[in-house]
Every structure is written in structure tokens, then in C-alpha cells.
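Notes follow once the structure below has been shown.
Count residues from 1 along the sequence. These numbers come from the heavy atoms of this one structure, side chains and all, not from hydrogens, waters or symmetry mates.
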Amino acid sequence: MHPDRYSLKHRIAPGRRRYKRVETRQGVSVYWASEKLEDTALVRDVSLGGLFVATQEALAVGTTLRLDFLVQEGAIRAAGTVRHAEPGRGMGLKFTSVRGEDLQHLVELVNRLSAHSSFQPAMRQLADYSRGEETF
């Protein structure tokens, strides 16, 4: 595995989600691209495990995407898959990998957004994300 890349491998917890999602009220956007489509979309919520993007064009469940964020914490490049799609509303995406140097930016983004929320998500050690194979 290349040392600057980490794969996110998640088991589904009994409560449906392993990580609580944080609403993005500050206008976070993400550029996403698949083999057939690309767009920039508003992020409705985000967690360390995934995000929901508002878009009119919903892709099929299982579609692989490249994701590029530019936020005040810095650039975040990741890969993800569509977990659910709601045509006319958006898509729920699961992170499958995050570049190693960008993982800390993702943690900082979730922390910043959660400071404006009614909960504080449990932040896991970065080592929890370094297991698995390189998929980015």
C-alpha cells in the first residue's frame, strides 16, 4: 500500500450508521465525477463515513465516484460509492478511500461542523482508517 493513501473500511453498527452525520449549514460543496457524469453539488450532511449531496442527477446505487472538496481545512480527495439515490433530491455516498494527507482535513471539517451542531461525534484514532487495501 502506498504510504500516503488509506482505505476506509467500515462495519455497519447495530444503530444503522457507524458515524453520526453533521449538517453542513456553512455551504460546503464537492466536485464529483463518475465514468459518465460530473458535477459540483452542495453537501447536505457529512460524516467520517460518507455524505449526502444535493443533485438533480442521481446515479445508480453502486456507482463509484471521485470526490474533491476544497474547504477551509484544505483539499480533501476521496473515492466513494452511491449507497442510495433519490432522483431530484440527491445521493447518499459512502467513502471508500481518502488520501492519507487529506484524512486529517476530513476529521477537522467534521469537527468544525459538529461545533455548530447539537452533538459531538466520537472521533476515532486515525489508525482506525489505515487498515485495508489501497482503493483510491
Would you give the length of the straight line joining atom CZ of Phe52 to atom NE2 of His84, rounded to the nearest 0.5 angstrom?
-> 5.0 Å
Name the one of Leu48, Leu51, Thr81, Ile76 that satisfies side chain to side chain contact (heavy atoms under 4.5 Å, CB included) with Phe95?
-> Leu51
CZ on Arg89 to CZ on Arg44, rounded to 0.5 Å = 8.0 Å
Begin with the C-alpha distance, continue with both residues' side-chain angles, and end with the deciding distance and a verdict on side chain to side chain contact (heavy atoms under 4.5 Å, CB included) for Phe69 and His105.
-> CA-CA 10 Å; Phe69 296 80; His105 296 159; over 6 Å; no
Hey, what do you get for CG (Asp102) to CG (Leu67), rounding to the nearest 0.5 Å?
-> 11.5 Å
So among Asp45, Val53, Val71, Leu42, which one has a side chain to side chain contact (heavy atoms under 4.5 Å, CB included) with Val28?
-> Val71
Is there a side-chain contact between Leu93 and Leu65, using heavy atoms and a 4.5 Å cut-off?
-> yes
How long is the span from the OG atom in Ser47 to the CG atom in Leu113, to the nearest 0.5 Å?
-> 11.5 Å
Search all heavy atoms of Gly90 against all heavy atoms of Ala58 and return the closest pair with its distance.
-> O-CB, 4.1 Å
Salt bridge present between Arg77 and Asp68 (N-O < 4.0 angstrom) = yes
Rounded to the nearest 0.5 Å, the CD atom of Glu108 sits from the CG atom of Leu103 at a distance of 10.0 Å
Got a donor-acceptor contact below 3.5 angstrom from the Thr96 side chain to the Ala79 backbone?
-> yes
Atom of Met91, atom of Val82 and distance for their closest heavy-atom approach = SD-CG2, 4.0 Å
Compare all side-chain heavy atoms of Leu59 with those of Trp32 and state whether any distance is below 4.5 angstrom.
-> yes
Any salt bridge between Glu73 and Arg112, counting N to O under 4.0 Å?
-> yes
